[in-house]
Each structure stands twice: as C-alpha cells, then as structure tokens.
Amino acid sequence: MTPRRRYWLMKSEPQAFSIDDLQRVGTEPWNGVRNYQARNFMRDGMRVGDGVLFYHSNTRIPGIVGTATVASPAYPDDTQFDRKSPYYDPKATREEPRWQLVDIAFERKLSRTISLDEIKQHADELGEEFALIRRGNRLSVFPVSAAQYRYLLSLE
DNA sequence: GCCAACGTTGGC
DNA sequence: GCCAACGTTGGC
C-alpha cells in the first residue's frame with residue numbers, strides 16, 4: 001500500500017535561495033539545516049513525493065510563494081564536511097554524519113504571495129497549533145496537515 | 001545535570 | 001538595525 005502523502009513547510013531566505021532559484025535549477029539539496037528538530041523531520045518524516053509549501057522568510061513580505069515536492073530520501077548534507085562552507089560542522093565526520101537533508105523539486109510558483117500577515121488573519125481556520133504563527137517559532141522545517149495545506153493554498 | 005553566556009532566527 | 005525567543009555550548 002502506498003503511504004499517504006505528507007505535507008511540510010520549508011523556510012528559505014530569498015536572498016540566499018528563492019523560489020525563482022528553485023524554478024531555475026529544478027531540484028536542490030536542502031542543505032544548511034542545523035537544527036535537530038528540523039533535521040529529524042527531514043530524516044524521519046519525509047518521503048519522496050511529499051508536498052512542500054515554500055516560504056520566504058526574513059524579507060519585506062514574508063509568506064508562502066510556491067510549492068515543491070520531496071525528491072529524495074534523506075542523505076548526509078555534504079556541506080557539514082566542507083571546511084570552506086558556512087555550514088561546516090567540525091564535529092561531523094563521514095563515518096558519523098550529523099546533518100541530513102532531502103532534495104526538493106520545484107512544483108509551481110503561486111500567482112501571488114500568501115503573506116504571513118494574511119495567514120495570521122486565518123489563525124482560527126488553521127488551528128492554534130499551526131507552527132508558523134505560534135509565538136517564537138523559529139523552526140525552518142515543520143509538518144503541515146493535509147487540511148492546513150489545502151486551506152493555505154485555497155487562499156491563493 | 002544545571003544554567004549563564006552566547007549565537008541564531010526572523011518579524012518588525 | 002533592533003531585539004524577543006529560544007536552541008546550543010561548556011564550565012562547574
């Protein structure tokens with residue numbers, strides 16, 4: 001039996017890597033995640049074909065700008081071994097990698113940004129537990145329910 | 001194992 | 001650029 005598709009939200013700073021960048025390259029290793037909870041979601045929760053809401057953070061109008069899909073199982077993030085990378089982790093070794101990632105494939109760009117501001121106005125429909133609008137939440141990768149995924153895209 | 005210091009995230 | 005929130009580190 002095919003497992004039910006899961007859904008995720010992934011944040012990226014557009015000046016570092018934007019939805020347009022993803023559209024250009026098609027598929028991208030989601031490197032640089034250095035938070036254990038976010039890593040665990042990628043390593044233990046994600047499966048090929050899962051749906052991803054692509055979110056622009058730390059920008060003039062933060063919000064959801066496109067969709068993508070999980071395109072690979074989790075595998076070690078190469079940047080942890082690279083001394084020249086800003087993501088280099090001296091405690092990680094090839095034998096015992098610490099950080100994992102998945103590949104993300106472009107699906108589509110939304111016709112408009114569904115802004116954080118707008119998302120907050122729909123807090124009731126999304127539920128209190130929706131991680132994006134919980135106070136102080138800084139996770140860059142987290143699960144979204146199928147209902148939340150559908151609802152957010154229905155705002156487009 | 002506690003917790004102060006420090007670093008990062010990300011909205012504003 | 002500010003700063004609240006909060007995860008991580010490391011001394012003890």
Side-chain angles (χ1 to χ4, degrees), chain A residues 6-25 28-46 50-70 74-145 148-149 151-156:
Chain A
R6 295 174 181 168
Y7 299 93
W8 310 89
L9 185 144
M10 299 177 87
K11 298 180 186 173
S12 184
E13 302 195 2
Q15 68 270 30
F17 189 79
S18 70
I19 187 72
D20 292 321
D21 294 326
L22 184 62
Q23 181 165 31
R24 193 172 316 117
V25 299
E28 177 77 2
W30 203 260
N31 57 33
V33 171
R34 295 293 179 269
N35 170 284
Y36 290 106
Q37 210 180 339
R39 177 204 66 185
N40 293 348
F41 284 136
M42 290 198 288
R43 187 189 61 189
D44 308 330
M46 288 189 182
D50 281 359
V52 174
L53 296 170
F54 195 106
Y55 179 92
H56 279 175
S57 65
N58 211 0
T59 188
R60 196 169 60 85
I61 303 175
I64 296 163
V65 293
T67 64
T69 56
V70 174
Y75 63 94
D77 179 347
D78 261 337
T79 63
Q80 71 193 299
F81 311 124
D82 178 2
R83 288 177 178 281
K84 296 196 184 73
S85 168
Y87 303 127
Y88 175 65
D89 183 345
K91 292 182 180 159
T93 63
R94 297 256 174 207
E95 295 70 33
E96 272 188 272
R98 193 183 265 217
W99 306 107
Q100 305 265 122
L101 53 68
V102 295
D103 290 344
I104 295 298
F106 178 80
E107 192 166 70
R108 74 183 181 93
K109 202 172 153 177
L110 301 195
S111 56
R112 66 181 192 86
T113 299
I114 300 170
S115 69
L116 177 60
D117 187 55
E118 188 179 352
I119 292 167
K120 283 178 176 168
Q121 292 168 24
H122 295 273
D124 286 350
E125 295 91 329
L126 289 161
E128 288 288 309
E129 81 284 5
F130 186 55
L132 192 64
I133 51 184
R134 253 201 327 248
R135 208 166 80 108
N137 174 67
R138 299 179 308 157
L139 259 189
S140 64
V141 175
F142 58 85
V144 172
S145 72
Q148 288 166 338
Y149 181 89
Y151 184 78
L152 287 163
L153 290 180
S154 79
L155 299 175
E156 182 185 6

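Throughout, a chain's letter reflects where its sequence line sits, starting with A, and its residues are numbered from 1.
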| remark: Heavy-atom nearest nucleotide on DNA chain C taken for A:Arg138 and for A:Asn58; more 5' hit belongs to A:Asn58

| said: Pair A:Arg138, A:Ser57 - check side chain to side chain donor-acceptor pair (under 3.5 Å), show working. | reply: CA-CA 10 Å; A:Arg138 299 179 308 157; A:Ser57 65; over 6 Å; no

| field | No-hydrogen, no-angle side-chain donor-acceptor test under 3.5 Å, A:Asp21 and A:Ser18 | value | yes

| From the 5' end of DNA chain B to its 3' end, which nucleotides mark the outer limits of contact with chain A, defined by a 4.0 Å heavy-atom distance cut-off (strictly under)? | B:dG7 to B:dC12

| field | Closest contact, heavy atoms only, A:Ile119 versus A:Ile114 | value | CD1-O, 3.6 Å

| request: For the residue pair A:Phe17 and A:Phe54, categorise the inter-ring angle as parallel (less than 30°), tilted (30 to 60°) or perpendicular (more than 60°). | output: tilted

| message | Between A:Tyr36 and A:Trp99, is the ring centroid distance below 6.0 Å? | response | yes

